[in-house]
There are 2 protein chains.
Amino acid sequence: MKSGKITKRLKSETKRGYEDACGAAHGLELIGERWALLVLRELMLGPRRFSGLKADLPGISANVLTQRLGELEERGLVRRRKLPPPASVQVYEATEWGLEAEPIMQVLGKWAARSPAHDPGLPLSAVSLMLSFRTMIDASRADGVNGSFGFRLGAHHYLGRLADGRFEVERGEVGGADVIFTGQAAGLAGVVYGGAPLQTVEVEGDAALARRFLTLFPLPPKVG
Amino acid sequence: MKSGKITKRLKSETKRGYEDACGAAHGLELIGERWALLVLRELMLGPRRFSGLKADLPGISANVLTQRLGELEERGLVRRRKLPPPASVQVYEATEWGLEAEPIMQVLGKWAARSPAHDPGLPLSAVSLMLSFRTMIDASRADGVNGSFGFRLGAHHYLGRLADGRFEVERGEVGGADVIFTGQAAGLAGVVYGGAPLQTVEVEGDAALARRFLTLFPLPPKVG
DNA sequence: CGGCATCCGGGAAGATACTG
DNA sequence: CAGTATCTTCCCGGATGCCG
């Protein structure tokens, strides 16, 4: 019914903004809506498809994901791209500026890790875990520890490199890495951050280096 | 009417959370609601009263402000305190952990300042401006520039100090400062960030130092 | 199957009025 | 001044359905 009814929303005239020149306020208008920052997070290590995003954002509904992607696109944080044949699938990727939002997630995440209410037992996406390594690495502990690390987390494959106290990571095959971790992201997170036994995940390669790796990501002290 | 009606909200059973162990996701659950970060921002330079917060958050409604303050309090980011007599007024102040959220605002604000959609002509609170100085100061430009700066922005008075390339600021009387700026926060912001003529605000004291001060806060280049 | 539009129910936000 | 009460509007989340 009401077939040809013109949608009243011409351009969403009521753009619930903050009317505040403060940069932080404008930042909230850009990525402050529910789910927006987490959608962007999932794009930080490379393009993703709609269904992959939906799968790794447990609880988001398809229409909200569509809406967030559209908003992020028109704000210049996300780009829609069609992979060349034979793939020919559409993917979403972060723009350069979108990638520059990573420090926001890092600072926010580091700060929130001090919360007594933080529950590390919740699900965790593979991207989240990789980004957390980049965020939480303790440069002084990692100084002098060098090596390459492969991660097979479900269907996600990442290759990390440890050098000069920094952890770099990108999507890619894990072959030839000094250490290869295989398992679930949440499982590996439990080992690194929750003190779970190493047997929770499968480890191949240099066992001593693997054990060393797991000690490089200390959590900040809880408040209170 | 309906006086004794029991409020149905036992404990807000539907706590719309993200179900995500990622620290950033938890951060959003702590300060991700609309207005929350801006309320906290207004507390970064000392305790504030309800009416002051409402006045400096243009557009927030009283009930939303009440709700946000209550949530921030129960999460441990804000504390409610009663000033001793004869003042005897209630104020809200950030806890230690709440104060540690400042880097989030800084990173978010710096990132958003690159947005082409950012409108610097909007209203700006005095706290926002002071925090923006702390955020945007260019340490290399400020190296070797030392002095004290008073700000009389409406009823807000702040005392800043420039030393070692850093800008420190606290609430306080401006007497004896090397330079004293008097006017509206938005006006001073226009001079510092918008290239408006210095006459927009009233300046007392060391004019050369004042002119130098205004050059220490470069904006990042816009995207695109 | 992927992406998007539509409809619906509930809840959060906005505006205004009112009270101690 | 410091909120509370009420009403309306809008957004979020879930379900369904269309269409390439």
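Proteins come first, then strands; the chains are lettered A, B, ... in the order of their sequence lines, and each starts at number 1.
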Check your understanding: Should A/Q67 be listed as having a side-chain N or O under 4.0 Å from OP1 or OP2 of D/dC11?
Key -> no
Check your understanding: Base, sugar-phosphate, or nothing: which does A/G70 touch, judged by heavy atoms less than 4.0 Å apart?
Key -> nothing
Point to revise | Inter-residue atom distance A/L38.CG - A/L65.CG, 0.5 Å rounding | key: 11.5 Å
Review point. For the side chain of A/A62, counting heavy atoms from C-beta on, which of C/dC4, C/dG14, D/dA15 is nearest?
Key: C/dC4
Check your understanding: Using a cut-off of less than 4.0 Å, is there contact between a side-chain N or O of A/Q90 and OP1 or OP2 of C/dG2?
Key -> no
Review point. For the helix from C/dC1-D/dG20 to C/dG20-D/dC1, how many degrees between its two end axes (five pairs per end), to the nearest 10°?
Key: 30°
**Study point:** Selected nucleotide, minimal atom distance to A/R16 side chain, candidates C/dC7, D/dC12, C/dA13
**Key:** C/dA13
Review point. Under 4.0 Å between a side-chain N or O of B/Y92 and OP1 or OP2 of D/dG3?
Key: yes
Practice item. Would you mind classifying the nucleic acid contact of B/S51 as base, sugar-phosphate or nothing, using non-hydrogen atoms under 4.0 angstrom? Key: sugar-phosphate
Exercise for review: With the side chain of B/E33 defined as its heavy atoms from C-beta on, choose the nearest nucleotide among C/dG2, C/dA13, D/dG3.
Suggested key: C/dA13
**Study point:** Contact summary for A/L99 and A/A94, nearest pair of heavy atoms
**Key:** CD2-CB, 3.8 Å
Check your understanding: Mind checking whether B/F50 and B/Y92 have parallel, tilted or perpendicular rings, split at 30° and 60°?
Key -> tilted
Practice item. Measure from the side chain of B/R68, starting at C-beta and using heavy atoms only, and say which of C/dA13, D/dA2, D/dG14 lies closest. Key: C/dA13
Review point. According to a strict under-4.0 Å criterion, is A/W35 in side-chain N/O contact with OP1 or OP2 of D/dG13?
Key: yes
**Study point:** Salt-bridge contact A/E29-A/R16 (side-chain N to carboxylate O under 4.0 Å)
**Key:** no
Exercise for review: Could you check whether the rings of A/H156 and A/Y158 sit parallel, tilted or perpendicular, using 30° and 60° as the cut-offs?
Suggested key: parallel
Check your understanding: Looking at D/dG13, D/dT4, C/dC4, which one has an atom nearest to any side-chain atom of B/T66?
Key -> D/dT4
Review point. Under 4.0 Å between a side-chain N or O of B/R34 and OP1 or OP2 of C/dA12?
Key: no
Point to revise | Aromatic plane relationship, B/W97 with A/W111 - under 30° parallel, 30 to 60° tilted, over 60° perpendicular | key: parallel
